[in-house]
Amino acid sequence: MQTILFGTNNAHKLEEIRAMVLPGFHVLGLSDLGISLDVDETDSTLEGNALLKARGYAEASGMPCFADDTGLEVAALNGEPGVYSARWAGPACSYQDNVDKMLREMEGKTDRRAVFRTVIAWVDGQQEPRFFEGRVEGIIIPEARGQGGFGYDPVFLPEEHSLTFAEMPAAEKHNISHRGRAVRAFVEFLASQPA
Ligand code: IMP
């Protein structure tokens, strides 16, 4: 059994990944180790922030560690909110504030294309850091739809689907989502590593 650390305090993400990681890997979260350090996400890219977190928590724990960073990139907004997705509407904003801002900024725009991107960085203390990306393309719809999910889910309609991320069952979202895809790429990599 190999024990690895997921550099997150988000219990929901930890659950998600535990459901996917293969037998043979035991995934701990920061709270399992009593680590209260909060690595600042000061980089201007998803890759850079994922790496800052993976490195910071690997150093703090002395364990192999992975961390993720996600952003929603909207074509008509020159790729915004991107790396600033979490606090786009202000320092203490809610998911609803971000959704409201998105609807306002996209009012009257004909190009509605958007992409969700997740980057996972993996630091094992031996090899160079590795990166795994998952993305899903779609459009920003003009009115919020659905109660499920979180964040920008009610306004994101994935390509070739008729339900927003907030309208679909969680398992269906996970199957096609940016995070689901990045996690699967990472899990495949782990499975291919010698024990
Ligand atoms: P994080 O890097 O995973 O914490 O994501 C940063 C921000 O992107 C979150 O605070 C959300 O606003 C948004 N976000 C990330 N993943 C999703 C998702 O699956 N659906 C909708 N919004 C998301």
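For ligands, and for the atoms within them, numbers begin at 1 and follow the listed sequence.
- A salt bridge links E133 with R135: the closest approach of a Lys/Arg side-chain nitrogen to an acidic carboxylate oxygen falls below 4.0 angstrom.
- Using a 4.0 Å cut-off between a side-chain N of Lys or Arg and a carboxylate O of Asp or Glu, D153 and K173 qualify as a salt bridge.
- The aromatic rings of F150 and Y95 sit tilted relative to each other, their planes meeting at an angle between 30° and 60°.
- T42 and D40 are not linked by any side-chain donor-acceptor pair at a separation below 3.5 angstrom, with hydrogens and angles left out of the test.
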Atom pairs and distances, ligand 1 N/O vs protein N/O under 3.5 Å:
| unit_1 | atom_1 | unit_2 | atom_2 | d |
| --- | --- | --- | --- | --- |
| ligand 1 | 2 (O) | D69 | OD1 | 3.1 |
| ligand 1 | 2 (O) | T70 | N | 3.0 |
| ligand 1 | 3 (O) | K13 | NZ | 2.8 |
| ligand 1 | 16 (N) | R179 | NH2 | 2.6 |
| ligand 1 | 19 (O) | K173 | NZ | 2.8 |
| ligand 1 | 19 (O) | H178 | NE2 | 3.0 |
| ligand 1 | 20 (N) | D153 | OD1 | 2.6 |
| ligand 1 | 22 (N) | Y152 | N | 3.1 |

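- Ion pair R18/D32 flagged as a salt bridge, since at least one NZ, NE, NH1 or NH2 atom sits closer than 4.0 Å to an Asp/Glu carboxylate oxygen.
- Under a 4.0 Å N-O distance rule, the pair D111/R113 qualifies as a salt bridge.
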